[in-house]
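The block underneath contains the structure these notes are about, expressed in structure tokens.
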Amino acid sequence: MTPSPATAAVRVRRAELSDLDDLVALEQATFDSDRVSRAQFRRHLDSDSALVLVASANRRRFLGTALVFFRKGSRSARLYSIASLPEARGKGVGTALIEAAEAAARQRRCQALRLEVRTDNESAIRLYERLGYHRVGAIEKGFYEDGTDAFRFLKALA
Ligand SMILES: CC(C)(COP(=O)(O)OP(=O)(O)OC[C@H]1O[C@@H](n2cnc3c(N)ncnc32)[C@H](O)[C@@H]1OP(=O)(O)O)[C@@H](O)C(=O)NCCC(=O)NCCS
């Protein structure tokens, strides 16, 4: 897929074992609850039902990550988590990760990519809406471990 101009400098690839330290450090720096542990990341790296993506650009080795889940027999994939380094935000890293997640989901013949997001996460919600995601269903009350509510979003992958 041709990257959009804003994401042309960002490369996205599948994560490897050597990325584990960066993945865990970003997860701990970014999220206060519902964290993916080192052991879980390690399992996801080897799993057919998970895809861990890593974004990098120029000489910066690691700028962000996204975690996508697939389910046997399901035509929809789930963007479980996405994060970019705080100093790298607003430069297209999140966009590139979502575009790569969509490409991977299409490759696996998924017809939709869905996700949940904290109802107070305005920057993430803006990004999802800009990329064509729309809200589905009712608010999920107390969806997260810390009791925060979630919106569900979905994008049909043509
Ligand atoms: C949500 C998150 C992943 C977005 O990542 P990001 O790398 O900042 O994403 P982008 O840079 O692609 O997009 C952010 C904004 O920068 C803008 N942008 C993208 N490329 C740009 C560029 N080259 N120049 C200027 N602005 C740019 C986008 O238009 C976007 O604007 P918007 O807020 O109006 O949508 C990031 O803020 C983050 O890690 N947040 C903490 C974790 C989190 O909340 N994750 C989501 C829930 S799991």
Side-chain angles (χ1 to χ4, degrees), residues 1-15 19-38 40-41 43-45 47 49-71 76-105 110 112-155 157:
M1 203 173 79
T2 313
S4 55
T7 61
V10 181
R11 301 268 172 274
V12 180
R13 60 171 171 79
R14 196 174 185 140
D19 295 307
L20 264 182
D21 287 346
D22 288 324
L23 290 167
V24 172
L26 179 58
E27 188 76 10
Q28 287 179 347
T30 306
F31 300 110
D32 294 328
S33 77
D34 298 79
R35 281 183 184 154
V36 180
S37 70
R38 187 181 190 89
Q40 286 168 329
F41 270 124
R43 273 200 300 278
H44 294 328
L45 291 180
S47 166
S49 60
L51 174 63
V52 188
L53 295 169
V54 162
S56 58
N58 304 327
R59 273 154 296 185
R60 285 301 302 265
R61 199 168 58 89
F62 182 93
L63 293 178
T65 182
L67 174 56
V68 189
F69 289 139
F70 303 94
R71 262 203 334 238
S76 82
R78 180 180 180 209
L79 180 67
Y80 179 79
S81 176
I82 181 167
S84 47
L85 290 183
E87 64 270 28
R89 287 179 194 162
K91 295 177 182 156
V93 173
T95 303
L97 284 164
I98 293 174
E99 287 175 351
E102 290 172 3
C110 289
L113 187 56
R114 60 197 169 82
L115 59 89
E116 298 87 27
V117 62
R118 289 170 189 272
T119 52
D120 60 1
N121 193 342
E122 290 170 19
S123 56
I125 290 170
R126 217 173 34 239
L127 175 63
Y128 300 144
E129 287 182 333
R130 187 169 52 77
L131 292 176
Y133 289 77
H134 62 269
R135 263 185 68 185
V136 290
I139 291 181
E140 293 288 341
K141 289 280 178 199
F143 181 83
Y144 292 99
E145 281 169 10
D146 63 2
T148 310
D149 302 338
F151 290 136
R152 291 187 186 282
F153 275 79
L154 181 137
K155 178 175 178 176
L157 303 173

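These numbers were taken from a predicted model, which means no experiment stands behind them. Counting starts at 1 for both ligands and their atoms, in listed order.
When the heavy-atom distances from atom 8 (O) of ligand 1 to Gly90, Ala83, Ala150, Ala124 are ranked, the shortest goes to Gly90. Comparing Leu79, Ile82, Asp34 by heavy-atom distance to atom 3 (C) of ligand 1, the nearest is Ile82.
At a 3.5 angstrom cut-off on N or O pairs, Ser81 does not count as close to ligand 1. Residue Gly92 has at least one nitrogen or oxygen atom sitting less than 3.5 Å from a nitrogen or oxygen atom of ligand 1, judged on distance alone. When only interatomic distances are considered, the shortest N/O to N/O separation between Tyr80 and ligand 1 does not fall below 3.5 Å.
Atom numbering of ligand 1 starts at 1 in the shown order; those under 4.0 Å from a heavy atom of Val93 are 7 (O), 11 (O), 12 (O). The ligand atoms of ligand 1 that sit less than 4.0 angstrom from a heavy atom of Tyr128 are 46 (C), 47 (C). Close contacts between ligand 1 and Asn121 involve ligand atoms 43 (C), 44 (O), 46 (C), 47 (C) [criterion: under 4.0 Å to a heavy atom]. Atoms of ligand 1 lying under 4.0 Å from at least one heavy atom of Gly94, given by number and element, are 5 (O), 6 (P), 7 (O), 9 (O), 10 (P), 12 (O).
Checked by atom type and distance alone, the side chain of Thr65 pairs as donor or acceptor with a backbone atom of Leu53 at under 3.5 Å. Distance alone, capped at 3.5 Å, is enough to place a donor-acceptor pair between the Gln40 side chain and the Ser37 backbone. Side-chain atoms of Lys155 never come within 3.5 Å of backbone atoms of Arg114 as a donor-acceptor pair (strictly under, hydrogens ignored). One N or O on the side chain of Asp149 and one on the backbone of Gly142 form a donor-acceptor pair closer than 3.5 Å.
Neither the backbone nor the side chain of Arg118 has a heavy atom within less than 4.0 Å of ligand 1. If you look at Val117 next to ligand 1, there are no close heavy atoms at all, none under 4.0 Å. Under 4.0 Å from ligand 1, the heavy atoms of Thr30 that appear belong solely to its side chain. Here Arg130 has side-chain heavy atoms under 4.0 Å from ligand 1, and that is the only part of it that gets that close.
Applying the salt bridge (charged side-chain N to carboxylate O under 4.0 Å, His left out) test to Arg14 and every residue at least two apart in sequence or in another chain returns nothing.
If you check the side chains of Thr95 and Arg130, you find a donor sitting under 3.5 Å from an acceptor.
Across Leu67, Val54, Val36, a single residue satisfies side-chain contact (heavy atoms from CB on, under 4.5 Å) together with Leu23, and that is Val54.
Ring planes of Phe69 and His44: perpendicular class, angle over 60° (limits at 30 and 60°).
Within the structure, salt bridge (charged side-chain N to carboxylate O under 4.0 Å, His left out) pairs that include any residue of residues 25-35 comprise Asp34-Arg118 (at least two apart or interchain).
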